[in-house]
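Quick note on labels: first sequence line is chain A, next is B, and so on, each numbered from 1. Owing to the predicted nature of the structure, the values given are computational and were not obtained by experimental measurement.
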2 protein chains.
Amino acid sequence: MLSQTTEYALRAVVHLAKNPEQPQTAIDIADATRVSPGYLSKVMQSLVRGKIVRSQRGLHGGFRLSRDPSEIPVLEVINCVGPIPRITRCPLGIPGHGEKLCSLHRRLDDAMLAIERSFGTTTLAELVEQSDDSFPLCEHIQP
Amino acid sequence: MLSQTTEYALRAVVHLAKNPEQPQTAIDIADATRVSPGYLSKVMQSLVRGKIVRSQRGLHGGFRLSRDPSEIPVLEVINCVGPIPRITRCPLGIPGHGEKLCSLHRRLDDAMLAIERSFGTTTLAELVEQSDDSFPLCEHIQP
DNA sequence: CTCTAACAGGACATATTTATCCTCTATTAC
DNA sequence: GTAATAGAGGATAAATATGTCCTGTTAGAG
């Protein structure tokens, strides 16, 4: 539903939000999120272009969030690597069919809209505040 | 978000729901839904295997819905060609992480669940009842 | 200045999705 | 039976998404 790339981007920013003290290198993030380092670099580049994270080259460089997690909606991260495809016109391309959607496509677009809204009102801060254990992204089972 | 294939499948079943009188050939459906005939055949095969439509070979054959549109939830069509991917376990594959999801993945799965529910309670009948014009899938603009 | 750490970006490889084409089989009409 | 219609299914191609690798550039430390 959401692409792998989107999933990776979200893991990465969550990791950054959980480790704001010092910049995290691509390797750091790749290890923590279990994403291949090479591909993660590409994803991080997208996030940099989207102004979600800032990069710093050289020794002690790495990536950090460009804003406070509470200022970053999850949707913004998603849009950065692969936006939710909204249906704004009839996808059949029939001449004479324009902005008015049939019930099928209106329904589908409603679902997309609901997702957009849900992710638009959730911030990164909300994703990190409740977990305090050592695992970066998933909680472990209580013994 | 939903795949092209899913979109095509939905268009096809909507067309069938709107034309219940006689079986629709793959060509009929392909024309009406603006999908390439070859690929549509594949999609229809999936729908047949999923018991959503029934096929009839030979002259005057074609496809028709296997049940009344009011008995077919949109979700069933979706699941037939490419289910909504639910997140049931930590996707990072870290040993010791099991069923309990971190907040990121719980959020993502919540969104998937919401979509499933939305499409699970909408039937094909609801998608066709309100449009009565000649256009098969999209309404045209009022002059 | 030189060495090393670390991101940027291009070229390439693989996998998956989408699309095309051709042959086979089933059904109907005659 | 023969001919025509129409779905089933396999092989193949094209497009896109995902993943790898290598070189270049920037920054910091000595």
Donor-acceptor pairs under 3.5 angstrom involving side-chain atoms of residues 49-66 of chain B: please list them, not counting sequence neighbours.
| residue | atom | partner | partner atom | Å |
| --- | --- | --- | --- | --- |
| B/Arg49 | NH2 | B/Gln45 | OE1 | 3.2 |
| B/Ser66 | OG | B/Lys51 | O | 2.6 |
| B/Ser66 | OG | B/Ile52 | O | 2.9 |

Does A/Arg54 reach a base, just sugar-phosphate, or nothing at all? Heavy atoms under 4.0 Å. nothing
Rounded to the nearest 0.5 Å, what separation is found between the [atom1] atom of [X] and the [atom2] atom of [Y]?
X        : Y       : atom1 : atom2 : result
B/Glu71  : B/Glu76 : CD    : CD    : 10.0 Å
A/Cys102 : B/Arg11 : SG    : CZ    : 9.0 Å
A/Gln4   : A/Glu7  : CD    : CD    : 6.5 Å
B/Thr25  : B/Asp28 : OG1   : CG    : 3.0 Å
A/Gln24  : A/Asp31 : CD    : CG    : 10.5 Å
B/Leu75  : B/Ile84 : CG    : CD1   : 6.5 Å

So if I take residues 2-9 of chain A and measure heavy-atom distances to DNA chain C, which residues fall below 4.0 Å? none
Whole-Å gap separating [atom2] ([N]) and [atom1] ([X]):
X       : N      : atom1 : atom2 : answer
A/Met1  : C/dT16 : CE    : P     : 20 Å
A/Ile29 : C/dA6  : CD1   : C1'   : 12 Å
A/Asp28 : C/dA5  : CG    : C1'   : 12 Å

Nucleotide by nucleotide, 5' to 3', does protein get under 4.0 Å of the base (B), only the sugar-phosphate (S), or neither (-) in nucleotides 25-30 of chain C, counting heavy atoms? BBBSS-
Those residues of residues 36-48 of chain A lying under 4.0 Å from DNA chain D by at least one heavy atom: A/Ser36, A/Gly38, A/Tyr39, A/Lys42
side-chain N/O A/Arg49 vs C/dG9 OP1/OP2, d < 4.0 Å: yes
Can you name the closest pair of heavy atoms from [X] and [Y] and give their distance?
X       : Y       : answer
A/Gly82 : A/Thr6  : O-OG1, 4.3 Å
B/Ile27 : B/Pro37 : CD1-CB, 4.2 Å
B/Ala12 : B/Leu40 : CB-CD1, 4.4 Å

Partner set under salt bridge (Lys or Arg N to Asp or Glu O under 4.0 Å) for A/Asp109, not counting sequence neighbours: A/Arg86
For DNA chain D, note the earliest and the latest nucleotide, 5' to 3', having some atom under 4.0 Å of a heavy atom belonging to chain A. D/dT18 to D/dA29
Side-chain contact test, heavy atoms from C-beta onward, threshold under 4.5 Å: evaluate it for B/Thr123 versus B/Ile72 and give yes or no. no
Would you say the side-chain atoms of B/Tyr39 and B/Thr5 include a donor-acceptor pair closer than 3.5 Å? yes
